2 protein chains.
Amino acid sequence: MNAREEKSAKERILQSAVELFARKGYAACGLREIVAAAGVSVAMVNYHFGSKESLLQAIMDRFFSRIHDIAMAHFPGDAPFELKIRGYFREIVAFLRNNTDLARVSFTELPHDIPGIVDFKAERVMKIVGVFASELLAGLPEHLRRRIRPEVHGPAVMGALVSHFLVRPVIENVFDQELDDSFYESFADELADMVLYGVLHSRPEDTTQRKES
Amino acid sequence: MNAREEKSAKERILQSAVELFARKGYAACGLREIVAAAGVSVAMVNYHFGSKESLLQAIMDRFFSRIHDIAMAHFPGDAPFELKIRGYFREIVAFLRNNTDLARVSFTELPHDIPGIVDFKAERVMKIVGVFASELLAGLPEHLRRRIRPEVHGPAVMGALVSHFLVRPVIENVFDQELDDSFYESFADELADMVLYGVLHSRPEDTTQRKES
DNA sequence: GTCTATAGTCCGATAGAC
DNA sequence: GTCTATCGGACTATAGAC
């Protein structure tokens with residue numbers, strides 16, 4: 001083991017692949033382009049990862065491990081639900097902001113036709129859903145927990161969170177919005193609001209009134 | 001014009017492409033596979049669409065036109081905001097349910113490296129954002145309108161809506177949920193709740209209490 | 001571990017017959 | 001409008017030298 005090296009060839013390949021897969025898509029990006037960016041030869045991909053598909057799986061493995069770790073860092077314990085949720089959203093937003101390419105690849109490369117990848121993702125997602133169910137939702141009072149339908153709200157909240165990063169170039173283009181620290185701080189809080197008030201509770205009398213005439 | 005034919009070759013190509021792009025991804029799917037499914041020859045793609053890229057653009061054009069039309073059908077007029085939102089969500093959910101492949105292709109093929117497609121999508125999204133701003137939000141009372149930050153809530157709500165359809169195979173796998181008419185009816189209402197109560201208003205005193213001990 | 005060279009396949013586009 | 005045949009290039013994977 002040579003711990004002195006800046007980055008191993010394996011790590012450089014993985015990072016180049018993340019960046020290029022995010023920008024061009026898994027199928028559109030050739031190994032030649034990845035290894036050129038990483039400064040190695042094509043044969044190294046198959047030596048270190050076995051195949052292009054396994055390289056993608058290694059990328060997704062890294063992403064889902066981090067997502068799982070973040071959930072485990074915030075959900076167990078006796079803190080109030082609101083604090084858990086707000087803390088979780090802040091950290092997950094920071095993580096997605098700093099690892100947008102990783103998230104983009106791990107999310108958008110779902111629909112493609114590689115059974116190994118689809119099964120792998122389903123298994124990792126199921127594990128993370130388990131953390132939400134047993135560590136976060138189990139601590140809620142009954143009347144609030146009954147508001148939550150995991151098969152509806154789970155993907156919805158996840159989509160609300162992730163879609164910002166997936167379409168960020170369009171957002172910058174359309175809204176002329178500077179995406180700085182303060183934007184992401186309030187972004188995380190707005191999403192937490194959507195869970196706290198949009199999923200857990202309702203106050204119809206405030207929103208059914210007619211518009212001002 | 002031969003209006004008697006079941007479907008034109010052009011339409012059959014487009015429909016095969018939607019299905020295959022959704023399943024395998026734009027880059028992973030060859031023209032040969034599309035034309036085989038459509039029962040025509042490769043040359044027909046370039047004859048009718050000009051190129052593979054223009055074929056993708058034609059698909060996205062169809063999707064965004066429909067999205068625009070649905071917004072225009074629900075947002076203008078004096079109906080209460082809640083009714084506009086609930087009616088819109090019901091129709092958009094039905095549309096996405098019946099055109100999942102079209103939506104999947106039109107959404108997920110963003111990040112790739114084709115400048116013409118990215119510009120095209122940005123322009124269509126901007127047009128639809130304009131409908132929301134001028135026809136839906138303009139009718140809200142001031143104190144509610146100030147709660148909405150389009151650059152945050154727009155992509156978030158869109159992501160909450162669409163992500164269900166993008167990850168539907170995983171949902172079926174993980175939650176063992178039958179996705180029938182009644183599921184989608186309540187799905188649309190839950191999402192409307194997230195907008196009405198999660199975006200427009202808040203009621204913190206209900207969600208800050210400690211869990212039951 | 002890392003390389004070069006190459007095998008074998010598939011790609012998008014188009015020329016030209018009908 | 002629709003076809004067949006084909007061009008030039010890019011792809012993944014691997015064999016084999018070092």
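The model shown is predicted, which means the values in this text are computed figures rather than measured ones. Chain letters run A, B, ... following the sequence lines, proteins first, then strands; residues in each count from 1.
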- prompt: Does some side-chain heavy atom of A/F81 sit less than 4.5 Å from a side-chain heavy atom of A/F75?
  reply: no

task: With heavy atoms under 4.0 Å as the rule, sort B/V40 into base, sugar-phosphate or nothing.
output: sugar-phosphate

Review item, side-chain donor-acceptor pairs of residues 36-49 of chain A, under 3.5 Å, at least two apart:
none

query: Is a salt bridge present between B/E109 and B/R104, judged by a nitrogen-to-oxygen distance below 4.0 Å?
result: no

message: Run through DNA chain D and report every stem of 3 or more consecutive Watson-Crick or G-U pairs, distances under 3.5 Å, ordered by first number.
response: C:1-18 with D:1-18

- prompt: Using a distance-only test with no angle check, is there a side-chain donor-acceptor pair under 3.5 angstrom linking A/Q15 and A/E11?
  reply: yes

query: Nearest to the side chain of B/L31 - C/dA13, D/dC3, C/dT4?
result: C/dA13

query: Taking the six-membered ring for Trp, are B/F187 and B/H164 parallel (under 30°), tilted (30 to 60°) or perpendicular (over 60°)?
result: tilted

statement: Rounded to whole Å, CD1 of A/I13 lies from P of C/dC3 at a distance of 9 Å

message: Tell me the interatomic distance from A/L20, atom CG, to D/dC11, atom C1', rounded to whole angstroms.
response: 15 Å

message: I need the CE-C1' distance between A/M44 and C/dT2, as an integer number of Å.
response: 5 Å

query: Looking at A/R147 and B/E190, does any basic side-chain N land under 4.0 Å from a carboxylate oxygen?
result: yes

message: In whole Å, I'd like the distance from the NZ atom of B/K7 to the C1' atom of D/dT2.
response: 20 Å

query: Does the side-chain contact (heavy atoms from CB on, under 4.5 Å) test come out yes or no for A/D61 and A/R124, once each step is laid out?
result: CA-CA 8 Å; A/D61 181 62; A/R124 301 303 295 263; 2.3 Å; yes

- line: Considering only heavy side-chain atoms of B/A43, the closest of C/dC3, D/dT4, D/dA13 is D/dT4

Lys/Arg N to Asp/Glu carboxylate O, A/E91 vs A/R86, below 4.0 Å: no

- request: Check DNA chain D against residues 46-56 of chain B and give the residues with a non-hydrogen atom under 4.0 Å, in numerical order.
  value: B/Y47, B/H48

- prompt: Can you check the B/I34 CD1 to C/dA13 P distance for me, whole Å?
  reply: 11 Å

query: Should the pair B/E123-B/K127 be classified as a salt bridge under the 4.0 Å nitrogen-to-oxygen rule?
result: no

